[in-house]
Enquirer: 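Take a look at this one; I'll ask things after.
Worth saying up front: this structure is predicted, and the values here are computed from it rather than measured. Labels below follow one simple rule: chain letters A, B, ... track the order of the sequence lines, proteins then strands, and each chain is numbered from 1.
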Amino acid sequence: MLDAKLLRTNLDAVTQNLARRGFTLDSAGLDALESERKTLQLKVEELRNQRKTRSKSIGQAKAKGEDIAPLRAEVETLGDELKETENRYEENQANLRAIMLSLPNLLQDTVPDGENEDDNVEVRRVGDVPTFDFKPLDHVEIGEKLNTLDFEAAVKLTGSRFVVLKGSLARLHRALSQLMLDVHTEQHGYTEAYVPYIVNDKTLLGTGQLPKFEEDLFKLHHDQDFYLIPTAEVPLTNLVAHSIVEADQLPLKFTAHTPCFRSEAGSYGRDIRGMIRQHQFDKVEMVQIVRPEDSVSALEELTGHAEAILRILELPYRVMALCAGDVGASAARTYDLEVWLPAQNTYREISSCSNCEGFQARRMGARWRNPETGKPEPLHTLNGSGLAVGRAMVAVLENGQQADGSVRLPAALWPYMAGIKVLRG
RNA sequence: GGAGAGGUGGCUGAGUGGUCGAAAGCGCUCCCCUGCUAAGGGAGUAAGGGUUAAAAGCCCUUCGAGGGUUCGAAUCCCUCCUUCUCCGCCA
């Protein structure tokens with residue numbers, strides 16, 4: 001959510017900024033709603049004030065034993081007018097709120113121009129792309145040879161876009177998430193958290209998945225509005241919802257390994273094959289809660305933390321600065337990490353690291369007490385994958401494959417694999 | 001799932017349908033006193049919003065959430081959420 005005051009005082013600048021995303025803000029309509037708001041709010045408050053003072057005078061008259069009947073009759077009509085004005089005010093508020101909740105975040109000036117992912121800007125490239133003296137297989141074929149990847153079983157159990165891992169790949173999947181968690185908690189200063197995988201609608205509103213992106217979520221049949229989490233960003237970031245954090249507590253850094261559930265409603269044609277795009281996948285997530293003045297550098301740091309995992313896994317990757325048209329609605333700036341996948345002969349997204357500034361904080365009511373002003377102010381939130389576990393496994397398999405169908409594992413994984421250094425069928 | 005008792009400010013905890021945004025205590029901040037320490041005295045101490053160029057001031061809202069009764073609700077009624085105790089069930 002954007003700062004309502006900014007919208008009132010600087011609507012043109014907001015409109016221009018959002019236009020970079022390709023988002024058209026109906027500034028005239030918003031302006032009209034806003035002036036209506038002002039009128040109605042003043043009226044409502046005036047009427048409430050009258051009712052309050054007169055009701056008090058009734059109380060006083062009663063205490064003195066005077067006749068209160070005429071006073072009561074006077075205030076009664078006031079109530080009707082108040083009710084009517086309040087109704088109009090509430091309707092206005094609901095309209096304004098709906099618009100406010102649907103506006104995306106303002107972009108930082110450093111975000112490159114562009115319409116879609118083709119316009120993203122490569123920031124750096126790390127690691128050497130492996131060369132093979134045979135035609136590299138994709139992870140599906142590798143998994144079949146290892147006899148550990150079973151999509152048919154998943155179809156039987158559930159349907160498409162799920163997977164069953166067995167034996168060494170199930171172990172590898174677990175090893176990867178353990179490694180990531182250990183690095184973030186032991187080397188990067190994150191506090192590990194275990195969180196609910198089901199959250200309510202208010203929590204999803206806080207981080208910005210609702211109300212606009214409900215079709216991407218799995219909703220439960222339940223008497224409350226419960227959803228499966230699409231990312232641990234949701235529960236982790238909302239840990240500070242409706243609270244005021246003392247300055248000396250910042251920054252807060254949380255990490256969690258969770259499954260993520262996405263209906264991916266808008267992507268039925270894409271990545272049909274393999275584990276790249278699933279309804280359920282595991283991810284180790286990092287979240288930072290920081291002072292506003294620290295968020296720009298915190299994004300660099302957090303992105304570095306995700307990169308560290310790729311380096312440890314000896315995977316070649318590149319860092320992309322998302323362009324204006326590709327930055328998610330809650331973010332002010334985003335880096336994607338893309339890992340090299342030999343079978344696709346390209347880099348594919350494996351992490352997304354975003355600075356959401358005060359956007360989520362305002363939705364969540366998450367503030368810190370600024371020592372300079374003594375007042376509670378919105379804090380800044382950041383999140384990033386560190387990393388998507390399934391895609392990391394795909395990358396390890398494809399980059400480590402050998403001519404005989406075996407897979408060489410990076411040394412960092414050996415302790416987590418009971419000493420196994422090479423996967424064989 | 002069944003029965004019962006609660007949810008009040010940073011915390012503990014009073015609260016009569018009317019002057020209650022709310023006693024008191026703790027904590028915190030500032031000041032005074034005390035030659036250190038300890039103790040004592042005084043003042044202050046919620047959040048959100050509006051009005052304003054901004055501030056001051058003034059006003060509105062908030063006692064778990066949402067409805068209702070009433071001229072007036074922390075207080076009465078209804079629904080929901082949640083915490084605790086006992087029973088049942090279960091990992």
Side-chain angles (χ1 to χ4, degrees), chain A residues 1-13 30-31 33-97 99-101 194 196-206 210 220-227 235 238-250 252 358 360-379:
Chain A
M1 198 155 63
L2 301 180
D3 182 2
K5 260 189 185 130
L6 186 70
L7 239 60
R8 279 178 210 141
T9 56
N10 229 332
L11 189 55
D12 287 345
L30 194 62
D31 216 36
L33 271 178
E34 166 55 24
S35 63
E36 186 189 35
R37 183 227 102 221
K38 196 162 169 175
T39 311
L40 288 172
Q41 181 168 350
L42 287 172
K43 184 89 182 289
V44 163
E45 291 185 356
E46 164 67 18
L47 288 170
R48 278 180 184 159
N49 181 245
Q50 281 186 34
R51 182 188 66 182
K52 197 172 176 178
T53 50
R54 295 196 191 186
S55 288
K56 273 184 186 172
S57 69
I58 290 180
Q60 286 166 347
K62 199 177 172 186
K64 291 179 197 156
E66 296 168 6
D67 180 21
I68 60 170
L71 282 169
R72 284 182 54 164
E74 188 186 353
V75 185
E76 232 164 321
T77 54
L78 205 70
D80 295 339
E81 192 184 355
L82 174 62
K83 196 86 191 164
E84 194 265 335
T85 316
E86 273 180 336
N87 287 340
R88 287 202 291 148
Y89 179 55
E90 274 162 28
E91 191 187 331
N92 170 270
Q93 287 281 279
N95 289 337
L96 264 177
R97 183 176 155 77
I99 291 174
M100 290 295 287
L101 285 176
Y194 171 79
Y197 304 153
I198 295 173
V199 294
N200 61 37
D201 52 343
K202 292 176 188 63
T203 300
L204 286 156
L205 193 87
L210 290 179
L220 301 181
H221 286 289
H222 190 258
D223 55 3
Q224 295 177 62
D225 286 326
F226 281 173
Y227 299 81
N238 276 283
L239 285 174
V240 292
H242 309 294
S243 69
I244 302 173
V245 183
E246 293 305 325
D248 59 9
Q249 301 292 302
L250 297 172
L252 294 171
Q360 295 178 321
R362 275 186 291 272
R363 287 171 165 254
M364 290 190 298
R367 292 159 299 167
W368 69 301
R369 200 173 294 279
N370 185 343
E372 295 191 7
T373 63
K375 298 227 167 205
E377 297 169 10
L379 33 74

Enquirer: If you compare every side-chain N and O of A/Arg367 against the phosphate oxygens of B/rA46 (OP1, OP2), does one of them come in below 4.0 Å?
Expert: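 Negative; the distance criterion is not met.
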
Enquirer: Grab the stems for RNA chain B, please: at least three consecutive Watson-Crick or wobble pairs, both distances below 3.5 Å, written as range with range.
Expert: B:1-7 with B:81-87, B:10-12 with B:24-26, B:27-32 with B:40-45, B:46-51 with B:57-62, B:64-68 with B:76-80

Enquirer: Just to be sure I understand the rule, does A/Arg369 reach a base, reach only the sugar-phosphate, or reach nothing, if contact means heavy atoms closer than 4.0 Å?
Expert: sugar-phosphate

Enquirer: Looking across every strand, which nucleic acid part, if any, lies under 4.0 Å from A/Leu42 by heavy atom: base, sugar-phosphate, or nothing?
Expert: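 Sugar-phosphate, backbone atoms only, no base.
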
Enquirer: Is there a donor-acceptor contact under 3.5 Å from the side chain of A/Arg363 to the main chain of A/Leu101?
Expert: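 Yes.
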
Enquirer: Determine the interatomic distance between P on B/rG13 and the same-named atom on B/rG35; round to the nearest Å.
Expert: 40 Å

Enquirer: Identify, between A/Glu34 and A/Pro376, the residue whose nearest nucleotide on RNA chain B lies closer to the 5' end.
Expert: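 The residue whose closest nucleotide sits nearer the 5' end is A/Pro376.
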
Enquirer: Can you check the A/Lys375 NZ to B/rG48 C1' distance for me, whole Å?
Expert: 11 Å

Enquirer: Expressed in whole Å, how much space separates the P atoms belonging to B/rC81 and B/rC90?
Expert: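 Each nucleotide's P atom is 24 Å from the other's.
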
Enquirer: Taking the C1' atom in each of B/rG49 and B/rA43, what is the distance between them to the nearest angstrom?
Expert: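 Result for the C1' pair: 29 Å, nearest Å.
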
Enquirer: Measure the distance from CD1 on A/Ile244 to C1' on B/rG9 and round it to the nearest whole Å.
Expert: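 One finds 11 Å between C1' of B/rG9 and CD1 of A/Ile244, rounded.
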
Enquirer: Could you give the CZ-to-P distance, from A/Arg362 to B/rG48, as a whole number of Å?
Expert: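 Atom-to-atom, A/Arg362 to B/rG48, this comes out as 13 Å.
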
Enquirer: Can you tell me how far C1' of B/rG48 sits from CG of A/Asp3, to the nearest Å?
Expert: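 These atoms are roughly 13 Å apart.
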
Enquirer: Rounding to an integer number of Å, can you tell me how far A/Leu7 CG sits from B/rG49 P?
Expert: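 From A/Leu7 CG to B/rG49 P: 14 Å.
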
Enquirer: Please compare A/Ala4 and A/Phe226 by the position of their nearest nucleotide in RNA chain B and report the one closer to 5'.
Expert: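 Result of the comparison: A/Ala4.
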
Enquirer: For B/rC20 and B/rU61, measure between their P atoms and round to the nearest Å.
Expert: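 The same atom, P, in both gives a distance of 16 Å.
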
Enquirer: OP1 or OP2 of B/rU51 versus the side-chain N and O atoms of A/Arg37: is any pair under 4.0 Å?
Expert: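 Yes, because at least one side-chain N or O of A/Arg37 sits under 4.0 Å from OP1 or OP2 of B/rU51.
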
Enquirer: Starting at atom CG of A/Asn92, determine the distance to atom C1' of B/rG49, rounded to an integer number of angstrom.
Expert: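 Roughly 14 Å, once rounded to whole Å.
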
Enquirer: Write down the distance separating the P atoms in B/rC60 and B/rA3, rounded off to the nearest Å.
Expert: 44 Å

Enquirer: Using the P atom as the reference point in each nucleotide, state the distance between B/rG27 and B/rC11 in Å, no decimals.
Expert: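 16 Å, rounded to whole Å.
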
Enquirer: Do A/Asn238 and A/Val199 touch side chain to side chain, with heavy atoms closer than 4.5 Å?
Expert: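 No, their side chains stay 4.5 Å or more apart.
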
Enquirer: May I have the step-by-step check of side chain to side chain contact (heavy atoms under 4.5 Å, CB included) for A/Leu30 and A/Leu96, ending in yes or no?
Expert: CA-CA 8 Å; A/Leu30 194 62; A/Leu96 264 177; 3.9 Å; yes

Enquirer: Side-chain polar contacts of residues 220-227 of chain A - donor-acceptor pairs under 3.5 angstrom, sequence neighbours left out - could you list them?
Expert:
residue  : atom : partner  : partner atom : Å
A/His222 : ND1  : A/Gln224 : N            : 3.1
A/Asp225 : OD1  : A/Lys219 : NZ           : 3.1
A/Tyr227 : OH   : A/Glu214 : OE2          : 2.6

Enquirer: Considering only the P atoms, how many Å lie between B/rU8 and B/rG4, rounded to the nearest integer?
Expert: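 Pairwise P distance, B/rU8 against B/rG4, rounds to 22 Å.
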
Enquirer: Salt bridge between A/Glu36 and A/Arg88, side-chain N to carboxylate O under 4.0 Å?
Expert: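 No, A/Glu36 and A/Arg88 are not salt-bridged.
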
Enquirer: Within the 4.5 Å heavy-atom criterion, are A/Arg51 and A/Val75 side-chain neighbours or not?
Expert: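 They are in side-chain contact.
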
Enquirer: Would you say the side chain of A/Val44 lies within less than 4.5 Å of the side chain of A/Gln41, judging by non-hydrogen atoms?
Expert: no

Enquirer: Figure out the CG/C1' separation between A/Asn200 and B/rC81, and round it to whole Å.
Expert: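 So the two atoms are 10 Å apart, to the nearest Å.
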
Enquirer: Can a salt bridge be assigned to the pair A/Glu84 and A/Lys43 using a cut-off of 4.0 Å between side-chain N and carboxylate O?
Expert: no

Enquirer: Are any non-hydrogen side-chain atoms of A/Glu377 and A/Trp368 less than 4.5 angstrom apart?
Expert: yes

Enquirer: What does the B/S/- profile of nucleotides 52-73 of chain B look like, 5' to 3', with a 4.0 Å heavy-atom cutoff to protein?
Expert: S------BSS---------BS-

Enquirer: Could you give the distance separating B/rC76 and B/rG57 at their P atoms, to the nearest angstrom?
Expert: 36 Å

Enquirer: For A/Asp80 and A/Thr77, which I'm curious about, is there any donor-acceptor pair between the side chains at under 3.5 Å?
Expert: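 On atom types as modelled, these side chains do not qualify, holding no pair under 3.5 Å.
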
